[in-house]
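Inspection log for the structure reproduced underneath, given as structure tokens.
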Amino acid sequence: MNPADSPDQAAARDNQLIYGLEDRPRPLVALLAALQHLLAIIVPIVTPGLLICQALGVSARDTNLIVSMSLVISGIATYVQCRRFGPLGAGLLVVQGTSFNFVGPLIAGGALLVKQGTPVEGVMAAIFGVVIAGSFIEIGISRILPFVKKLITPLVTGIVVLMIGLTLIKVGLISMGGGFGAMADGTFANGENLLLSGTVLAVIVLLNRIPLVWMRSCAIVIALLVGYALAGYLGRLDFSGMHQAELFQVPTPLHFGLGFSWSLFIPMLVIYLVTSLEAIGDVTATSKVSRQPVEGPLWMRRIKGGVLVNGVNSLLAGVFNTFPSSIFAQNNGVIQLTGIASRHIGVWIALMLVLLGLFPAVAGVIQAVPEPVLGGAAMVMFGAVAASGINILAGIDLDRRALLIIAVSLALGLGVSQVPEFLAHMPAALRNVLESGVATGGICALLLNWFLPESPPKSER
């Protein structure tokens with residue numbers, strides 16, 4: 001040990017970290033590390049808002065506002081997670097951003113409200129009211145984590161995450177073909193749209209074959225830049241959102257007003273529960289790569305603080321016109337890539353996100369991306385969600401009981417999402433709940449896991 005080293009620096013070196021949790025890298029090092037994290041997260045942060053707005057027919061100006069606020073709110077959450085204020089935050093290099101988990105139910109529920117004649121502004125008001133109401137679920141869960149962990153096991157979590165990914169694939173495929181707008185004007189899945197989405201998808205796959213870690217970690221951003229350039233060559237870039245935006249975006253609470261819809265809220269309950277448990281896994285993974293405890297009182301404080309910020313930030317997101325957020329797993333790979341686990345990097349990441357969000361021209365440039373380009377990247381990200389669910393299930397003992405729960409939950413969840421007419425004669429209140437495949441599959445998994453007795457360990461048989 002070098003006598004000039006702090007204990008944290010010595011521990012970091014022994015564990016192959018260049019900078020430990022409490023170390024303060026030099027400004028240039030911190031900036032470069034923060035840029036790596038930014039490249040890994042910016043596409044997942046803005047994509048949910050763009051997909052939801054495009055699917056529901058939100059105006060270009062309002063879409064710009066929502067995407068801008070996604071960046072700002074994600075920056076605030078990242079800052080709080082890294083700095084930790086009292087019970088708020090994990091106190092690790094944790095990055096938080098807009099969650100994909102809610103995209104499918106919000107598009108499905110919002111489209112139903114539009115079909116019923118609700119104006120788009122009223123639909124958005126209802127969505128943000130539901131986001132605010134649902135945030136209190138995560139806030140409450142953060143206080144009773146031990147009980148919730150017993151109720152919602154990795155089996156239930158894996159099934160729900162897999163269901164989220166599988167139902168999102170339909171959304172991704174529609175985007176690859178050009179979106180709902182292309183369906184309306186007859187250009188869906190035409191040659192140009194498939195060229196754009198196929199190019200992005202192919203570039204992502206090819207870049208992941210290159211044996212350079214940094215290249216693979218930036219594959220989605222690079223592929224979108226290629227798609228963006230190709231769309232520009234084909235004359236498909238639309239900068240109307242940027243032209244209609246203000247020079248500087250002043251955060252405006254409740255821009256759409258405030259509404260509520262039970263048909264939107266009930267399916268979201270299950271997703272808020274699962275998102276909370278995902279946060280536990282993500283904070284634990286960050287603790288591990290940061291060479292911090294993954295059990296005991298300090299670890300429990302970190303996961304409680306992380307889940308609490310998940311909820312509080314989703315509340316803030318609803319107030320400021322954007323969608324629920326959650327802790328990202330991507331940054332764990334960046335920590336391993338850079339060897340920098342300093343939570344002070346989070347301040348730089350947060351500052352970049354907030355600055356990008358406060359200047360709507362940035363959101364306008366992103367918004368100009370044609371939907372097929374976005375769809376090519378979204379398909380990979382949505383598939384990754386499903387793969388994450390499979391990974392969770394692969395880590396448990398898949399005995400006869402577990403396989404039965406998986407089979408019934410997936411069958412009912414995917415079944416009602418593909419054939420919603422099956423629910424036609426059910427009471428409206430029940431139909432509103434079960435129309436979401438994620439809600440149906442999740443509730444089924446939760447109930448079966450609760451009522452079916454677990455098999456005794458082999459040593460006791």
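Values reported hereafter were calculated over all heavy atoms of this structure, with side chains retained and with hydrogens, waters and symmetry mates removed. Quick caveat: nothing in here was measured; it's all calculated off a predicted structure. Along the sequence shown, residues are numbered consecutively beginning with 1.
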Determine the minimum heavy-atom distance between [X] and [Y], stating which atoms define it.
{"X": "Ile345", "Y": "Ala33", "value": "CD1-CB, 4.1 Å"}
{"X": "Leu106", "Y": "Ile52", "value": "CD1-CD1, 3.9 Å"}
{"X": "Leu316", "Y": "Ile76", "value": "CD2-CG2, 4.1 Å"}

The test is side chain to side chain contact (heavy atoms under 4.5 Å, CB included); show your working for Leu65 and His255 and say whether it passes. CA-CA 9 Å; Leu65 167 68; His255 170 76; 3.5 Å; yes
Do [X] and [Y] have side-chain heavy atoms sitting under 4.5 Å apart?
{"X": "Cys82", "Y": "Leu92", "result": "no"}
{"X": "Leu353", "Y": "His37", "result": "no"}
{"X": "Ile406", "Y": "Leu398", "result": "yes"}
{"X": "Val29", "Y": "Tyr19", "result": "yes"}
{"X": "Ser68", "Y": "Val72", "result": "no"}

Fit a plane to each ring of Phe100 and Phe382, take the angle between them on a 0 to 90° scale, and name the class: parallel (under 30°), tilted (30 to 60°) or perpendicular (over 60°). perpendicular
Please step through side chain to side chain contact (heavy atoms under 4.5 Å, CB included) for the pair Ile280 and Val307, ending with a clear verdict. CA-CA 7 Å; Ile280 295 173; Val307 174; 4.2 Å; yes
Stepwise side chain to side chain donor-acceptor pair (under 3.5 Å) test for Asn310 and Ser326: CA-CA 6 Å; Asn310 251 19; Ser326 63; 5.4 Å; no
When you compare the side chains of [X] and [Y], does any donor N or O come within less than 3.5 Å of an acceptor on the partner?
{"X": "Gln96", "Y": "Thr78", "result": "no"}
{"X": "Gln81", "Y": "Arg343", "result": "no"}
{"X": "Ser287", "Y": "Trp299", "result": "no"}
{"X": "Asn101", "Y": "Thr275", "result": "yes"}

Go through Leu168 and Met381 one step at a time and tell me if the side chain to side chain contact (heavy atoms under 4.5 Å, CB included) criterion holds. CA-CA 10 Å; Leu168 278 174; Met381 291 186 281; over 6 Å; no
Could you check His344 against Leu93 for side chain to side chain contact (heavy atoms under 4.5 Å, CB included), going step by step and ending with a plain yes or no? CA-CA 7 Å; His344 301 289; Leu93 180 47; over 6 Å; no
Give a yes or no on whether the ring-centroid distance for Phe128 and Phe320 is below 6.0 angstrom. no
I need the Met379 CE to Leu173 CG distance, nearest 0.5 Å. 4.0 Å
Looking at OG1 of Thr199 and CG of Leu224, how far apart are the two atoms once the value is rounded to the nearest 0.5 Å? 12.0 Å
Test your reading of the model: is there a side-chain donor-acceptor pair from Asn64 to the backbone of Pro360, 3.5 Å cut-off? yes
